[in-house]
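Written out below as structure tokens is the structure these notes cover.
Just so it is clear, the values below take in all heavy atoms, side chains as well, and ignore hydrogens, waters and symmetry mates. No experiment lies behind these values; they were computed from the predicted model shown.
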Amino acid sequence: MRSKRLPIDFVLVMVTIYTTARLGLAGSMTSNTEQLLNHSPLTIRQYIEDYRQFWL
């Protein structure tokens, strides 16, 4: 990523996200979002449908 001249802060965030997933630390689900919002979070499908105009 650095060879593509991406900003170092972006590279560090991407490395952190990748490492977290690679180590299996992102494998569990919690109900924190639902508790904070007082309703179920959107599914990725619903989010994409709701914001379709921004994806195209």
Can you tell me how far the [atom1] atom of [X] sits from the [atom2] atom of [Y], to the nearest 0.5 Å?
X   : Y   : atom1 : atom2 : answer
L12 : I17 : CG    : CD1   : 11.0 Å
I44 : E49 : CD1   : CD    : 11.0 Å
R45 : D50 : CZ    : CG    : 12.5 Å

Original post:
Would you say M14 and Y18 are hydrophobically clustered, going by side-chain heavy atoms of ILVMFWY under 4.5 Å?
Top reply: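 Different clusters.
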Subject >> Within one Ile-Leu-Val-Met-Phe-Trp-Tyr cluster: V13 and V15, side-chain cutoff 4.5 Å >> reply: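 V13 does not cluster with V15.
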Subject >> N/O donor-acceptor pair under 3.5 Å between S31 side chain and E34 backbone >> reply: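 Checked: no pair found.
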